[in-house]
Undergrad: 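This is the structure I have questions about; it appears just below.
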Amino acid sequence: MEFRLGELFCGPGGLALAATTSQVPGMSIVHGWANDYDFATCQTYIHNICPNSPETVICQDVRKLDIDSLVKFGKIDAFAFGFPCNDYSLVGQQKGLKGNFGPLYSYGVRVLKKFKPKWFLAENVSGLRGSDGGKTFRKILKELKQCEYDVYPHLYKFEEYGVPQARHRVIIVGIRRDLNLNFGIPSPEDYRTKTCREAIECPSIPKNALNNEFTKQSKIVIERLKNIKPGENAFNANIPEHLRLNVKGKKISQIYKRLDPNKPSYTVTGSGGGGTHIYHWKENRALTNRERARLQTFPDDFFFVGRKEEVRRQIGMAVPPEGARVIFEAILKTFAGIQYKTVPLNKCLIKDL
C-alpha cells in the first residue's frame, strides 16, 4: 500500500525524509506536494526530497495559498503539518491564538476537510499544551476530531527514541474514523540513549562535509568558554567578573552552554545570536551546522541550501528524521495490521480528548 503525502509548513524536509525512508513490509510513503513560505527552505526540500519535481513544492505564505488548487497534484492519502510554534514556545511570549502564528494550524484543518486523507501527523512544541491555560490545545483537538478523525496526541521525548538530543514535541496522529483503526503510541523500550559525542564523533565528520563551515568566535567569547565546563552555561559557571554577562531579569540556561559529551544534546533551536549557539564540550567554539544537523539526525549527504544563518535556522526548526520515522512506521504498521510495542497516551493529554 502506498500513501501520497501532502505537507504544509514542510520546513527543510525532516518529516518528509522520515516518511519516505520508513520501512514496513508492503507499505510506503511517497511525496505528493509540499508548502513552506521561505525560499531557501523550499530549495533545501526540493534538493533532498523531490529534485525531479520541483513544481510540487509551493513557496508561498500559507495565508495566501489556494488550497483548492492543490488538487492539480492529484489526491493525497496522508498529510503532515508542523504548524509554526512561535506563539506556543515556552521561550517566547506565548501569545497562542492571539499571535500572528498561533491560528495557522487552521490551514491544516482546511486540507483535512478538502482532501480527507486516511491519516495525518501534526507536530508542535511541548508548550502547546499549556498555551492559554490549555484552551488552545483543546480547541485544536476538537477541530481535528470534527474532521472525522480519531486523534492520538502524545508528548514524545525524542531522546528516548535514540535521538541524541533532548527534544520534546507534541505530535498528534489522526486516523480517519471510517477506517476503524486504532493507533498505538510506539514504545521507546527498544531504543537506547545516544550521546551528543557519539552523534558528532562516530563517525567523525570529514573536513569537507556539506554545511560544515566554522563560526568565528570573538576573543571575549573564547575566554568566556574557557571558564565554562561541559554542561555549564554562562550563569552557573565560575566566570571572572569581566567576562560575566550583564543580564537583568530572566536568565536563559542555554546561553553559552557547553554540551555534556556523555548526555544527549540540549534542544537545537533555530536561533543563533547572543550566545544561543550550541557550544562544543571541549573546543572553545560553537558547533558547525553539520554538527547541529548530526544532533538532529540528518544524514551527512542531506544538503541545506542558503547562507550559514539560514541553514542554522532550517536545522533548528526541523523535526529529527530518525525520531519522526518511529512514528511514521507505527502508522504504517497500524494500516498493515502488524503488532508493535506500545505505551499509553500521556495522561495529561488524554483529558483534552
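This structure is a prediction, so every number in the text was calculated from the model and none was measured.
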Undergrad: Just jot down the side chain to side chain donor-acceptor pair (under 3.5 Å) partners of Thr334, sequence neighbours excluded, or say none.
TA: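 Partners of Thr334 by the side chain to side chain donor-acceptor pair (under 3.5 Å) criterion, ordered by chain and then number, come out as Tyr340.
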Undergrad: Taking side chain to side chain contact (heavy atoms under 4.5 Å, CB included) as the definition, give me every residue that meets it alongside Ser187, ordered by chain and number, with sequence neighbours left out.
TA: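 If we apply the side chain to side chain contact (heavy atoms under 4.5 Å, CB included) test to Ser187, skipping adjacent residues, the hits are Glu189, Lys341, Val343.
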Undergrad: Does Arg285 pair with Glu283 as a salt bridge, N-O distance under 4.0 Å?
TA: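 Answer for the salt bridge query: yes.
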Undergrad: Between Thr195 and Pro261, which heavy-atom pair has the shortest distance, and what is it?
TA: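 For Thr195 versus Pro261, the nearest heavy atoms are CB-O, 3.3 Å.
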Undergrad: At their closest point, which heavy atom of Ser22 faces which heavy atom of Leu332, and how far apart are they?
TA: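 Shortest heavy-atom separation between Ser22 and Leu332 comes out as CB-CD1, 3.9 Å.
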Undergrad: Holding to side chain to side chain contact (heavy atoms under 4.5 Å, CB included), I want the full list of residues that pass it with Ala209, two or more places apart in sequence or in another chain.
TA: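 Partners of Ala209 under the side chain to side chain contact (heavy atoms under 4.5 Å, CB included) test: Ile205, Pro206, Asn212, Arg290.
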Undergrad: Can we say Glu198 and Arg192 salt-bridge, meaning some charged N sits less than 4.0 Å from an Asp/Glu carboxylate O?
TA: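 Arg192 and Glu198: salt-bridged.
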Undergrad: If two hydrophobic side chains count as joined below 4.5 Å and joins carry through other members, does Ile220 share a cluster with Phe214?
TA: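 Not linked; separate clusters.
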Undergrad: Could you verify whether a donor N or O on one side chain and an acceptor N or O on the other, from Gln296 and Gln165, lie under 3.5 Å apart?
TA: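 The answer is yes; a qualifying pair exists.
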Undergrad: Just how far is it from atom CG of Leu179 to atom CD of Glu148, taken to the nearest 0.5 Å?
TA: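 Leu179 atom CG to Glu148 atom CD measures 11.5 Å (nearest 0.5 Å).
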Undergrad: Is the positively charged end of Arg325 above the ring of Phe328, judged by distance under 6.0 angstrom from the centroid and angle within 45° of the axis?
TA: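 Ring-cation test returns no.
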Undergrad: Taking the inter-plane angle between the rings of Phe120 and Tyr149 on a 0 to 90° scale, is it parallel (under 30°), tilted (30 to 60°) or perpendicular (over 60°)?
TA: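 Correct class here is perpendicular.
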Undergrad: Would you find a donor on one side and an acceptor on the other, under 3.5 Å apart, between the side chain of Arg176 and the backbone of Trp119?
TA: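 Checked: no pair found.
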Undergrad: Using a 3.5 Å distance criterion without hydrogens, assess whether the side chain of Asp36 forms a donor-acceptor pair with backbone atoms of Gly11.
TA: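 It does hold such a pair.
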Undergrad: Do Thr56 and His31 get their side chains close enough for a donor-acceptor pair, meaning under 3.5 Å?
TA: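 There is such a pair (donor and acceptor under 3.5 Å, judged by atom type) between the side chains of Thr56 and His31.
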Undergrad: Are Leu70 and Lys114 close enough that some pair of their side-chain heavy atoms sits under 4.5 Å apart?
TA: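 Contact flag for Leu70/Lys114 side chains = no.
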Undergrad: Rounded to the nearest 0.5 Å, what's the gap from OG1 on Thr215 to CG on Asn289? Could you check?
TA: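 Here the rounded value is 7.0 Å.
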Undergrad: Mind running side chain to side chain contact (heavy atoms under 4.5 Å, CB included) on Leu17 and Asn48 for me, showing each step along the way?
TA: CA-CA 8 Å; Leu17 181 64; Asn48 296 280; over 6 Å; no
Undergrad: Quick check: is Ile49 connected to Val30 through a chain of hydrophobic side chains (ILVMFWY, heavy atoms under 4.5 Å apart)?
TA: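 No; Ile49 is not reachable from Val30 via cluster members.
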Undergrad: To the nearest 0.5 Å, what is the distance between NE2 on His280 and CD on Gln217?
TA: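 It comes to 12.0 Å.
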Undergrad: Using a 4.5 Å cut-off on heavy atoms from C-beta on, say whether the side chain of Arg167 contacts that of Tyr156.
TA: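 Sidechains of Arg167 and Tyr156: no contact.
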Undergrad: Would Thr44 and Gln314 satisfy side-chain hydrogen bond (donor to acceptor under 3.5 Å, both in side chains), going step by step from the backbone distance to the final call?
TA: CA-CA 9 Å; Thr44 296; Gln314 291 177 47; 2.7 Å; yes
Undergrad: Looking at side-chain heavy atoms only, is the closest gap between Asn124 and Arg169 below 4.5 Å?
TA: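 No, every pair of side-chain atoms sits at 4.5 Å or beyond.
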Undergrad: Taking side chain to side chain donor-acceptor pair (under 3.5 Å) as the cut-off, I'd like each qualifying pair that reaches into residues 229-242, sequence neighbours left out, listed once.
TA: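 Qualifying pairs, neighbours excluded: Glu241-Arg244.
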Undergrad: Supply the atom-to-atom distance Ser265 OG to Trp281 CH2, rounded to the nearest 0.5 angstrom.
TA: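 Atom-to-atom, Ser265:OG and Trp281:CH2 are 10.0 Å apart.
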Undergrad: So do the side chains of Val268 and Ile278 get within less than 4.5 Å of each other, counting heavy atoms only?
TA: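 Val268 vs Ile278: side chains touch.
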Undergrad: For Arg294, is there an ion pair with Glu291 - N to carboxylate O distance below 4.0 angstrom?
TA: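 No, no charged N to carboxylate O under 4.0 Å.
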Undergrad: When the ring planes of Tyr256 and Tyr279 are compared, do they come out parallel, tilted or perpendicular, using 30° and 60° as the limits?
TA: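 The arrangement is tilted - the two ring planes meet at 30° to 60°.
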Undergrad: Please report the closest heavy-atom contact between Glu7 and Ala16, naming both atoms and the distance.
TA: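 Scanning both residues completely, I find the closest heavy atoms to be OE2-CB, 3.2 Å.
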Undergrad: Counting N and O atoms only, with roles assigned by atom type, does the side chain of Gln43 sit under 3.5 Å from a partner on the main chain of Ala40, one being a donor and the other an acceptor?
TA: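 Checked: no pair found.
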Undergrad: Check the angle between the aromatic planes of Phe302 and Phe304 and answer parallel, tilted or perpendicular using the 30° and 60° thresholds.
TA: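 Plane angle between 30° and 60°, so tilted.
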Undergrad: Is there a donor-acceptor pair closer than 3.5 Å between any side-chain N or O of Arg224 and the backbone N or O of Leu245?
TA: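 A pair under 3.5 Å: no.
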Undergrad: Considering all heavy atoms of both residues, which atom of Cys42 and which atom of Ile58 are nearest to each other, and what is their separation?
TA: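 Result for this residue pair: SG-O, 4.5 Å.
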Undergrad: Are His168 and Glu159 side-chain neighbours, meaning at least one heavy-atom pair lies under 4.5 Å?
TA: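 A side-chain contact exists here, since the closest heavy-atom pair is under 4.5 Å.
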Undergrad: Could you check whether any side-chain N or O of Arg258 sits under 3.5 Å from a backbone N or O of Leu225, counting only pairs where one atom can act as donor and the other as acceptor?
TA: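 Indeed, once roles are kept as given, a pair shorter than 3.5 Å links the two residues.
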Undergrad: For a 4.5 angstrom cut-off between non-hydrogen side-chain atoms, does Val173 reach Ile175?
TA: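 A side-chain contact exists here, since the closest heavy-atom pair is under 4.5 Å.
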Undergrad: Does Phe81 have its ring centroid less than 6.0 Å away from the ring centroid of Phe9?
TA: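 Not close enough - the centres of the two rings lie 6.0 Å or further apart.
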Undergrad: Give a yes or no on whether Tyr37 and Leu15 share a hydrophobic cluster (residues Ile, Leu, Val, Met, Phe, Trp, Tyr; joining criterion: side-chain heavy atoms under 4.5 Å apart).
TA: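 Unlinked, Tyr37 and Leu15 end up in two clusters.
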Undergrad: Between Glu143 and Tyr105, is any side-chain donor less than 3.5 angstrom from a side-chain acceptor?
TA: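 A donor-acceptor contact under 3.5 Å links the two side chains.
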Undergrad: Can Tyr107 be reached from Leu65 by stepping across I, L, V, M, F, W or Y side chains whose heavy atoms are under 4.5 Å apart?
TA: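 Same cluster: Leu65 reaches Tyr107 through Ile, Leu, Val, Met, Phe, Trp or Tyr contacts under 4.5 Å.
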Undergrad: When you compare the side chain of Tyr45 with that of Asp38, does any pair of heavy atoms fall below 4.5 Å?
TA: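 Side chain of Asp38 against side chain of Tyr45, heavy atoms only: no contact under 4.5 Å found.
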Undergrad: Quick one: side chain to side chain donor-acceptor pair (under 3.5 Å) pairs with a partner in residues 67-76, sequence neighbours left out?
TA: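 Qualifying pairs: Lys75-Asp77.
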Undergrad: For Ile29, is there any backbone N or O sitting under 3.5 Å from a side-chain donor or acceptor partner on Glu2?
TA: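 Here the side-chain-to-backbone pair does not exist.
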Undergrad: Does this structure show an ion pair linking Lys145 with Asp150, if we count only N-O contacts that are shorter than 4.0 Å?
TA: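 Looking at Lys145 and Asp150, the cut-off is not met.
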Undergrad: Give me the atom names and distance for the closest heavy-atom approach of Glu322 to Val163.
TA: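 Looking at all heavy atoms of both residues, the closest pair is C-CG2, 4.4 Å.
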Undergrad: Transitively linked via ILVMFWY side-chain contacts under 4.5 Å: Ile338 with Leu181?
TA: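 Shared cluster, yes.
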Undergrad: Return the OG to CZ distance between Ser106 and Phe83, rounded to the nearest 0.5 Å.
TA: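 Ser106 OG to Phe83 CZ: 10.5 Å, rounded to 0.5 Å.
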Undergrad: To the nearest 0.5 Å, tell me how far Asp178 CG sits from Lys116 NZ.
TA: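 That separation rounds to 10.5 Å.
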Undergrad: Could you list the cluster mates of Phe303? Members are the ILVMFWY residues connected by side-chain heavy atoms closer than 4.5 Å, either directly or through other members.
TA: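 Noted: Phe303 shares its cluster with Leu210, Val305.
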Undergrad: Would you mind checking if Arg312 and Glu213 are paired as a salt bridge, meaning a charged N to carboxylate O distance below 4.0 Å?
TA: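 Not counted as a salt bridge, because no side-chain N and carboxylate O are separated by less than 4.0 Å.
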Undergrad: Thr193 and Pro264: which non-hydrogen atoms are nearest, and at how many Å?
TA: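 Minimum heavy-atom separation between Thr193 and Pro264: CG2-CG, 3.7 Å.
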